[in-house]
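Read through the structure below, which is laid out as structure tokens, and then see the notes.
The analysis underlying the following values was restricted to heavy atoms, covering all of them including side chains, and did not include hydrogens, waters or symmetry mates.
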Amino acid sequence: MARHWPDIPYLAWRETCQALQLYTQIAGKYRLAHTPWLNHSWTATLYVTARGLTTSPVPDGPGIEIAFDLIDHRVIGTNSDGGIESFALEPMTVAEFHARFVALVGELGGTPRFNGRPNEVADPVAFVDDHRDRPYDADAVTRFFHATLAADRVFKAFRTSFLGKQSPSHLFWGSFDLAVTRFSGRPAPLHPGGIPALPDSVTREAYDHEVASAGFWPGGGGIDYPAFYAYAYPTPAGYSAAAVEPEAAFWASALGEFILPYDAVQGADDPDATLLAFLESTYLAAASLGRWDRDALECAPGVPGRPREIAATPAPAIESTPEPTPVDPADIQREEGPAKGRYLLRGDGLEAEMSYSRAGARLLIIDHTSVPDAWRGRKVGEHLVRRAVEDARTAGRSILPLCPFAKAQFDRHAEWHDVLDKR
């Protein structure tokens with residue numbers, strides 16, 4: 001078991017870990033610069049392999065893949081023409097790594113142009129200007145890789161019990177964490193941003209929908225030991241006080257996340273089951289307290305070689321239903337609290353809703369619109385947005401339509417753009 005869950009004390013290899021993080025940022029930024037954007041920054045991530053980490057094929061030149069071999073300790077670039085170039089991972093400066101990487105991409109027929117500054121690190125220095133000597137503890141790197149490989153295995157097992165939208169198990173080189181994220185399917189309030197050395201636009205796009213996320217850190221970022229984490233955005237009421245497993249897990253108020261020290265997993269009789277209990281219990285807390293549609297989103301864990309069983313559902317009997325009474329936009333009601341509100345239209349036992357959040361005194365953010373199927377085609381949603389536009393004009397507010405339906409309405413109605421937020 002030690003081979004699969006080795007010791008990885010952070011302080012003993014902190015300098016090497018920080019260097020490796022910057023090296024992966026260079027490769028990740030190369031991938032990001034040449035790959036069409038995929039929601040939630042998934043364009044940028046690295047993936048765990050049997051020997052280390054990879055970018056997967058980057059659409060540059062003939063198609064180039066960058067791999068970090070963390071067993072033989074080399075950076076290996078390959079292309080679809082059969083080309084292969086590599087250089088050793090060893091003590092060097094970040095500037096030297098950057099120069100070697102640029103030369104490798106060029107030799108493979110690529111265009112080594114990408115953003116040259118680190119993200120999510122304190123006091124970032126441009127890669128070409130970082131001439132501080134960096135150590136490279138090869139044994140520590142390999143042990144970190146084996147721990148990451150073990151975590152990736154459990155994360156992938158955890159993914160099999162969820163039917164909704166979710167991320168792959170992938171490594172974000174900005175914060176240098178392996179992560180897996182589940183989505184409720186509902187829009188989230190606008191994220192405040194403020195992450196050091198990361199554009200707010202990236203943060204807000206990453207958190208535009210409700211999430212329950214978990215991951216693995218080697219250390220750093222407020223803790224000096226390797227750990228697993230879990231959080232929800234937005235954080236539902238009561239989440240921090242939820243009962244989660246195992247007993248070693250705790251709520252870290254300064255981070256706003258649940259933390260499970262790596263050592264508690266490594267030292268358990270069944271490390272995989274211990275980590276899985278943490279992932280499942282923290283997700284359960286987020287989904288239950290956040291009122292996710294768990295019946296629609298969850299399924300039994302996957303079993304090798306066995307397709308998921310689908311129960312046969314009899315076709316519903318076709319019944320004639322009376323035509324609903326006409327809807328009257330004058331009946332739209334508005335409910336508003338200190339930070340959130342909604343517009344409602346009720347009739348014939350049905351209810352349509354458009355919800356919004358307030359960002360300061362002058363900005364209203366439409367985040368969700370729901371119209372009953374029986375009212376489709378009656379422009380009920382349009383009436384709700386129109387009422388919000390009229391109220392915004394009266395109150396001197398602007399509107400940011402994050403809801404796809406509301407955004408489409410604004411695209412169709414140029415006469416509403418006087419209240420459209422231009423940010």
Side-chain angles (χ1 to χ4, degrees), residues 1-10 48 143-144 146-171 177-184 210-219 221-223 225-233 235-253 255-304 306 308:
M1 189 62 68
R3 179 172 177 271
H4 298 292
W5 294 95
D7 289 325
I8 50 170
Y10 174 66
V48 177
R143 285 186 284 110
F144 158 70
H146 283 137
T148 303
L149 185 66
D152 182 66
R153 178 181 65 245
V154 179
F155 286 4
K156 287 175 177 173
F158 173 63
R159 293 183 73 244
T160 65
S161 60
F162 195 73
L163 294 173
K165 174 181 171 179
Q166 60 181 320
S167 77
S169 174
H170 49 193
L171 186 134
D177 59 319
L178 187 74
V180 62
T181 301
R182 291 176 169 182
F183 294 78
S184 74
E210 295 177 346
V211 301
S213 191
F216 168 60
W217 277 319
I223 55 174
Y225 52 88
F228 298 93
Y229 66 80
Y231 65 86
Y233 180 79
T235 306
Y239 181 65
S240 63
V244 301
E245 300 179 26
E247 187 176 349
F250 63 93
W251 177 257
S253 298
L255 299 174
E257 303 177 353
F258 284 105
I259 294 295
L260 175 63
Y262 172 85
D263 289 352
V265 173
Q266 188 218 15
D269 291 338
D270 189 337
D272 287 33
T274 300
L275 175 54
L276 194 58
F278 177 71
L279 299 174
E280 290 176 339
S281 63
T282 51
Y283 159 73
L284 181 63
S288 298
L289 294 170
R291 299 183 179 180
W292 291 23
D293 187 357
R294 294 182 53 207
D295 288 341
L297 295 172
E298 298 172 12
C299 64
V303 176
R306 184 186 303 171
R308 180 170 57 87

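Contacts classified as side-chain hydrogen bond (donor to acceptor under 3.5 Å, both in side chains) and involving residues 292-303 (residues at least two apart or in different chains) are given here: Tyr283-Glu298, Ser288-Arg294, Arg294-Glu298. Evaluation of the side-chain hydrogen bond (donor to acceptor under 3.5 Å, both in side chains) test over residues 155-164, restricted to residues two or more places apart or in two chains, returns Asp152-Lys156, Ser161-Arg182.
The OG1 atom of Thr148 sits 6.5 Å away from the CD1 atom of Ile8 when rounded to the nearest 0.5 Å. We find the OG1-CG distance between Thr274 and Leu279 to be 11.0 Å, quoted to the nearest 0.5 Å. In this structure, CG on Asp7 lies 7.0 Å from CZ on Arg143, to the nearest 0.5 angstrom. Taken from CG in Leu276 to CZ in Phe155, the straight-line distance is 10.5 Å, to the nearest 0.5 Å.
No side-chain heavy atom of Tyr262 sits less than 4.5 Å from a side-chain heavy atom of Pro218. Inter-residue side-chain proximity for Ile223 and Leu255 is flagged as met; some heavy-atom pair is nearer than 4.5 Å. With a 4.5 Å cut-off on side-chain heavy atoms, Ser240 and Thr235 do not count as touching. Using a 4.5 Å heavy-atom cutoff, the side chains of Ile259 and Trp217 are in contact. Residues Phe158 and Phe278 have side chains not in contact (no heavy-atom distance under 4.5 Å, counting atoms from C-beta outward). Between Tyr229 and Asp177 there is a side-chain heavy-atom pair separated by less than 4.5 Å. Side chains of Leu275 and Trp5 form a contact here, defined as non-hydrogen atoms less than 4.5 Å apart.
Shown here for Tyr225 and Tyr10, the closest heavy-atom pair between the two residues is CA-CB, 4.1 Å. Closest approach of Ala248 and Ala264 over heavy atoms only: CB-CB, 3.6 Å. Residues Phe183 and Ser167 share a closest heavy-atom pair of CE1-N, 4.4 Å. Nearest heavy atom pair, residue Ser213 against residue Thr181, reads OG-OG1, 2.8 Å. For the residue pair Pro6 and Ala147, the shortest heavy atom distance occurs at CD-N, 3.9 Å.
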Quiz item: What's the verdict on side-chain contact (heavy atoms from CB on, under 4.5 Å) for Leu163 and Leu297, showing C-alpha distance, side-chain angles and the deciding distance?
Solution: CA-CA 5 Å; Leu163 294 173; Leu297 295 172; 5.7 Å; no
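At distances below 3.5 Å, not a single donor-acceptor pair connects side-chain atoms of Glu257 with backbone N or O atoms of Tyr231.
Applying the ring-ring contact (aromatic ring centres under 6.0 Å, His included) test to Phe258 and every residue at least two apart in sequence or in another chain returns Tyr239, Trp251.
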